[in-house]
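Quick notes on the structure that follows.
These figures come from a predicted structure and were not determined experimentally.
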Amino acid sequence: MMAPTTDNAGNTGTTGTTGDADTARASLETLRAEIAKAVVGQDPAVTGLVVALLCRGHVLLEGVPGVAKTLLVRALASALELDTKRVQFTPDLMPSDITGSLVYDARTAEFSFQPGPVFTNLLLADEINRTPPKTQSSLLEAMEERQVTVDGTPRPLPEPFLVAATQNPVEYEGTYPLPEAQLDRFLLKLTIPLPSRQDEINVLTRHAEGFNPRDLRAAGIRPVAGPADLEAARAAVAKTAVSPEITGYVVDICRATRESPSLTLGVSPRGATALLATARAWAWLTGRDYVIPDDVKALALPTLRHRVQLRPEAEMEGVTADSVINAILSHVPVPR
């Protein structure tokens with residue numbers, strides 16, 4: 001429904017229209033084609049990043065080196081007309097290198113705040129598990145409260161704000177695994193697989209034709225959506241209907257992880273809230289204003305896989321978090 005409004009000149013117009021939401025959805029749907037100009041075959045990861053933006057959440061990207069994790073985030077920022085900054089996490093990185101610090105100005109004899117790279121819309125935290133816990137924890141306030149506190153003064157971050165952190169799943173020497181409390185702050189954990197043979201051929205063909213991953217403008221990526229579209233989309237997602245049966249279904253899935261013999265740690269209530277939020281965003285993106293069980297199933301793995309902890313004996317037998325969650329999804333009764 002269109003809500004009539006009157007401006008200062010007495011003219012009547014409309015705000016909060018359904019058309020705004022439809023336009024936002026159409027704009028976000030074009031992201032796939034736009035990002036595909038630079039990144040080949042990573043549609044699920046693109047969708048996950050958009051879902052996180054709609055839910056005001058953060059994303060952990062896991063994949064071996066060279067699968068375009070950094071390029072994916074840069075391409076998304078360009079296609080969404082968002083400011084982005086990249087921080088390479090290293091063992092000597094300090095919290096102030098991320099949040100900013102007070103700098104003494106000799107001319108004024110006063111301290112002034114110099115913002116760090118966290119003051120952006122899309123922060124790429126590259127190889128986040130290579131920096132010590134003290135520096136990792138400097139992101140916790142930013143991710144949860146959307147502000148940083150320096151010298152006792154809270155400073156709000158721009159809106160929208162998303163942390164896209166990457167980590168390498170095969171190289172653990174010299175790394176500091178993220179603690180469970182920090183993993184739980186990430187809305188989604190997206191795995192970036194190696195490309196198929198045809199996708200890899202397409203990648204090499206593009207490079208042979210002169211594609212430069214450092215120059216996205218030359219690749220033809222243009223802004224197809226912006227902060228206004230995200231705001232309209234978020235408002236529409238918040239109105240997506242959730243039936244009591246769907247709420248119960250989400251709770252039953254999460255409670256089943258706490259009872260699984262393969263897990264030492266199941267999904268917390270925060271994880272259940274996250275699954276409901278991502279399912280609503282996915283339902284809206286697919287053109288519905290209500291959530292169905294398939295929406296919950298579609299987002300269960302990326303939303304829950306990093307919120308559970310395997311028993312050592314199960315891990316030795318080749319059990320994975322994904323296989324446990326898939327087994328739970330196949331056994332929990334689906335509402336009709």
Side-chain angles (χ1 to χ4, degrees), residues 44-45 48 52 57-67 69 89 91 125 127-137 139-140 143-144 163-194 248-279 293-294 296-335:
H58 309 284
V59 176
L60 182 62
L61 299 169
E62 187 174 270
V64 298
V67 290
K69 299 186 295 294
F89 279 64
E127 295 189 289
I128 189 174
N129 57 337
R130 289 203 172 277
T131 200
K134 179 179 181 180
T135 305
Q136 291 177 7
S137 65
L139 278 176
L140 286 178
M143 294 169 67
E144 191 69 18
V163 174
T166 71
Q167 65 178 14
N168 183 345
V170 295
E171 189 179 358
Y172 294 107
E173 185 177 352
T175 63
Y176 304 84
L178 296 177
E180 302 303 327
Q182 186 159 350
L183 280 173
D184 206 37
R185 294 299 198 282
F186 287 97
L187 181 72
L188 299 172
K189 179 182 177 181
L190 304 176
T191 56
I192 311 298
L194 288 167
Y249 183 51
V250 170
V251 169
D252 289 343
I253 291 172
C254 295
R255 291 181 68 85
T257 65
R258 303 168 202 163
E259 300 167 0
S260 171
S262 299
L263 301 177
T264 58
L265 178 69
V267 176
S268 68
R270 178 191 289 164
T273 303
L275 181 54
L276 184 62
T278 56
D294 283 348
V296 178
K297 290 181 178 180
L299 273 298
L301 285 179
T303 308
L304 304 181
R305 59 165 57 110
H306 57 297
R307 303 175 191 272
V308 300
Q309 193 173 72
L310 289 167
R311 292 187 181 278
E313 55 269 27
E315 197 167 4
M316 291 178 62
E317 294 172 359
V319 176
T320 64
D322 284 13
S323 65
V324 172
I325 294 170
N326 279 326
I328 288 171
L329 292 174
S330 66
H331 286 94
V332 172
V334 179

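Of all the heavy atoms in Q167 and N129, the pair that sits closest is CB-OD1, 3.5 Å. Among all heavy-atom pairs drawn from V250 and A272, the shortest one is CG1-O, 3.5 Å. When all heavy atoms are compared, the tightest approach of R305 to P302 is NH1-CA, 3.7 Å. Summarising the geometry of V64 relative to N168, their closest heavy-atom pair is CA-OD1, 4.2 Å, with the distance given to 0.1 Å. Shortest non-hydrogen contact noted between G271 and L304 is O-CD2, 4.0 Å. For P193 against V67, the heavy-atom pair with the smallest separation is O-CG1, 4.0 Å.
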**Request:** Let me see the working for Y249 and V332 under side-chain contact (heavy atoms from CB on, under 4.5 Å), right down to the final yes or no.
**Result:** CA-CA 8 Å; Y249 183 51; V332 172; 3.8 Å; yes

**Request:** Using the side-chain contact (heavy atoms from CB on, under 4.5 Å) rule, take Q136 and F89 through it: C-alpha gap first, then chi angles, then the decisive distance, then the call.
**Result:** CA-CA 9 Å; Q136 291 177 7; F89 279 64; 5.5 Å; no

**Candidate pair L178 and H306, rule side-chain contact (heavy atoms from CB on, under 4.5 Å), full reasoning** = CA-CA 10 Å; L178 296 177; H306 57 297; over 6 Å; no

**Item:** Intermediate values then yes/no, side-chain contact (heavy atoms from CB on, under 4.5 Å), L183 and R307
**Value:** CA-CA 7 Å; L183 280 173; R307 303 175 191 272; over 6 Å; no

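With rounding to the nearest 0.5 angstrom, the NE2 atom of H331 is 11.0 Å from the OG atom of S260. Rounding to the nearest 0.5 Å gives a distance of 13.0 Å between CG of L310 and CE of M316. Atom CG in L61 sits 7.0 Å away from atom OG1 in T166 (nearest 0.5 Å). Once rounded to the nearest 0.5 Å, the distance linking CZ of R258 with CG of L263 reads 12.0 Å. Atom OG1 of residue T135 and atom CD1 of residue I128 lie 10.0 Å apart, to the nearest 0.5 angstrom. The distance from the CG atom of L187 to the OG1 atom of T278 is 6.0 Å, given to the nearest 0.5 Å.
A donor-acceptor contact closer than 3.5 angstrom links the side chains of T320 and S323. Side-chain polar atoms of Q309 and E180 form a donor-acceptor pair below 3.5 angstrom.
The closest side-chain heavy-atom distance from D184 to S268 is below 4.5 Å. In this structure, V267 and R255 have side chains that are not in contact, with every pair of non-hydrogen atoms separated by 4.5 Å or more. Between V308 and L265 there is no side-chain heavy-atom pair separated by less than 4.5 Å. Between R311 and V319, every side-chain heavy-atom pair lies at or beyond the 4.5 Å cut-off. Put simply, the side chain of V163 does not reach to within 4.5 Å of the side chain of V59, judged on heavy atoms. A heavy-atom distance below 4.5 Å is found between the side chains of M143 and F186. Residues E62 and I192 are not in side-chain contact: their nearest non-hydrogen atoms beyond the backbone lie 4.5 Å or more apart. Side-chain contact between V324 and T257 is absent, with no heavy-atom pair separated by less than 4.5 Å.
Around atom CZ of R185, more than 12 heavy atoms belonging to other residues, nucleotides or ligands sit under 6.0 Å away.
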